[in-house]
Protein chains: 2
Amino acid sequence: MTTMKAAQKRAQAKVEYNAFLAGCPSRQLLDRISDKWVVLILCALGGDNSRGQTGAAHADTPKAMRYSEISRLLAGVSQKMLTQTLRSLEHDGLLTRTVTPTVPVTVSYELTDLGLSLHHMTRGLRNWAQTHMAEVLANRENYDARTS
Amino acid sequence: MTTMKAAQKRAQAKVEYNAFLAGCPSRQLLDRISDKWVVLILCALGGDNSRGQTGAAHADTPKAMRYSEISRLLAGVSQKMLTQTLRSLEHDGLLTRTVTPTVPVTVSYELTDLGLSLHHMTRGLRNWAQTHMAEVLANRENYDARTS
DNA sequence: AGAGAAACTTCCTATCGGGAAGTAGGCACT
DNA sequence: AGTGCCTACTTCCCGATAGGAAGTTTCTCT
């Protein structure tokens, strides 16, 4: 990693990434995005906030949200994890952090195009969880009954 | 009404589950599937094993794999986590575990239809990680340069 | 008899997430 | 003037959890 320009390196490396390899950067990236808080934050910022509309694809209305808004929507997230996860997503360029020096300072977060592209995946995950919940529950009962 | 058909039940349940609520079962399910080992195992069993083909969608050839095969493919997974994760996926009905009493016992794992449907999501995640790796790397450099 | 192989299981420890309390800095009310 | 409250964090402590390594079981081959 010395004389090659970053852009060149990236272009060449694209073919080489394989998330199954422990040392591969794409594996680390996959590890990071395979995180419950990452998925939920992307869903929140991607606009599929309320319940319902789980099955059908509907227009995304990605919207900027304030720290406290996200905190309220993602019931159960600790402030520490929220801040930490938002920072890492900002670091990777998935969202932008904007500070407005209002009365009490206002910080808003918004998905970038890159973040939006990942949002398509996370929205799918959330929808899957909600639509197949009943099936999974049935399978669990079944399994527990068999192994009792 | 216990005579409700599964499809109906699912359709109704859809409206009720909301992964944003901390207590909702679908939230717990989302937490479980938003796990790096879950994603990688599903990718492995779903058939997109080798490197390459990062961008284009290609035919899945879900295949049964032995414990040791998975262990070898997912470099870096500990035996404990592999066993644990496979059990939880079996418990939820995403894959089947088959023991064949051969010379040294052979255990093979295979995706169920439910697991296969989730595989579509996880494959997307893996592809996303591999195709956008370069972009993320660039964003990180950028971020670090700005905040240095 | 002893080695070896597959698929775990158990134990120990390092790391990580959650809970709660503390911080900054500006306004607003008494 | 001082007390208190607001947002968006940061810090600290502790219990839960992931990882590494070694042990277990059962059978076969040498």
Side-chain angles (χ1 to χ4, degrees), chain A residues 19-24 27-41 44-45 63-91 95-110 143 147, chain B residues 19-24 27-41 44-45 63-91 95-110 143 147:
Chain A
F20 281 130
L21 300 174
C24 185
R27 165 68 164 273
Q28 287 157 16
L29 182 58
L30 186 58
D31 287 355
R32 186 160 288 170
I33 63 180
S34 304
D35 176 81
K36 57 176 176 177
W37 298 126
V38 168
V39 171
L40 284 169
I41 288 175
L45 289 174
K63 72 170 185 183
M65 290 180 78
R66 299 184 53 181
Y67 181 90
S68 51
E69 276 184 284
I70 304 176
S71 174
R72 234 171 291 120
L73 183 58
L74 304 196
V77 68
S78 68
Q79 292 184 315
K80 185 175 112 182
M81 279 317 294
L82 183 53
T83 303
Q84 207 175 94
T85 308
L86 286 169
R87 284 288 146 75
S88 85
L89 293 176
E90 186 198 1
H91 187 234
L95 51 80
T96 56
R97 177 175 181 271
T98 314
V99 180
T100 316
T102 47
V103 191
V105 71
T106 303
V107 181
S108 71
Y109 296 90
E110 192 165 14
Y143 183 95
T147 59
Chain B
F20 281 130
L21 300 174
C24 184
R27 167 67 165 274
Q28 286 156 17
L29 182 58
L30 186 60
D31 287 355
R32 187 161 286 172
I33 63 180
S34 304
D35 175 80
K36 58 177 175 176
W37 299 126
V38 168
V39 172
L40 284 169
I41 288 174
L45 289 173
K63 72 170 184 182
M65 290 179 79
R66 301 184 53 180
Y67 180 89
S68 51
E69 276 185 283
I70 304 175
S71 174
R72 235 172 290 120
L73 183 58
L74 303 197
V77 68
S78 68
Q79 293 185 316
K80 186 176 115 185
M81 279 317 294
L82 183 53
T83 302
Q84 206 175 94
T85 309
L86 286 169
R87 284 289 145 76
S88 86
L89 292 176
E90 187 198 359
H91 187 234
L95 52 80
T96 57
R97 178 175 180 271
T98 314
V99 180
T100 316
T102 49
V103 193
V105 72
T106 303
V107 181
S108 72
Y109 296 90
E110 192 165 11
Y143 184 94
T147 59

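Just so you know, these numbers use all the heavy atoms, side chains as well, and skip hydrogens, waters and symmetry mates. Below, read A as the first sequence line, B as the second, and so on, with proteins coming before strands; counting in each chain starts at 1. No experiment lies behind these values; they were computed from the predicted model shown.
Distance, B/Leu40 CG to D/dG19 P: 11 Å, rounded to whole Å. The distance between atom CD of A/Gln84 and atom P of D/dA8, rounded to the nearest whole Å, is 18 Å. The separation between A/Arg97 atom CZ and D/dA8 atom C1' is 8 Å, rounded to whole Å. We find that CD of A/Gln79 is positioned 10 Å from C1' of C/dA21, with the value rounded to whole Å. The CZ atom of B/Arg72 sits 9 Å away from the P atom of C/dA7 (whole-angstrom rounding). In this structure, the NZ atom of A/Lys80 is 9 Å from the C1' atom of D/dC12, given to the nearest Å. For the pair A/Arg66 CZ and D/dC9 P, the computed distance is 11 Å after rounding to whole Å. Here D/dT7 presents its C1' atom at 10 Å from OH of A/Tyr67, a figure rounded to the nearest Å.
Out of D/dG19, D/dT7, D/dC9, the shortest distance to the side chain of A/Pro104 is found at D/dT7. In this structure, the nucleotide among C/dG18, C/dT10, C/dA7 sitting nearest to the side chain of B/Val105 is C/dA7. Listed nucleotides: D/dT10, C/dG18, C/dA7. Nearest to the side chain of A/Arg87: D/dT10. Out of C/dA7, D/dC9, C/dC8, the shortest distance to the side chain of B/Thr83 is found at C/dC8. With D/dG19, C/dA7, D/dC9 as the candidates, the nucleotide lying closest to the side chain of B/Trp37 is D/dG19. Closest to the side chain of B/Thr106, out of C/dA7, C/dC8, D/dA8, is C/dA7. Out of C/dT9, D/dA8, D/dA18, the shortest distance to the side chain of B/Met81 is found at D/dA18. Considering only the side chain of A/Tyr109, D/dC9 comes nearest among D/dC12, D/dC9, C/dC11.
Ring geometry, B/Tyr143 versus A/His91: the interplanar angle exceeds 60°, so the pair is classed perpendicular (tilted spans 30 to 60°).
Taking 4.5 Å as the limit, some side-chain heavy atom of B/Ile70 sits within range of a side-chain heavy atom of B/Leu45. Taking 4.5 Å as the limit, some side-chain heavy atom of A/Met81 sits within range of a side-chain heavy atom of A/Gln84.
An OP1 or OP2 oxygen of D/dG19 is reached within less than 4.0 angstrom by a side-chain nitrogen or oxygen of B/Lys36. Contact check, A/Thr102 against D/dT7: no side-chain N or O comes under 4.0 Å of OP1 or OP2.
Residue B/Ser71 is classed as having no contact, given no heavy-atom separation below 4.0 Å to the nucleic acid.
Here the CG atom belonging to B/Leu74 is positioned 6.5 Å from the CZ atom belonging to A/Arg27, to the nearest 0.5 angstrom.
Comparing B/Leu86 and A/Ser78 by the nucleotide of DNA chain C whose heavy atom lies nearest to each, the residue mapping closer to the 5' end is B/Leu86.
Applying the side chain to side chain contact (heavy atoms under 4.5 Å, CB included) test between B/Leu95 and each of B/Glu110, B/Met65, B/Glu90 identifies B/Glu90 as the sole match.
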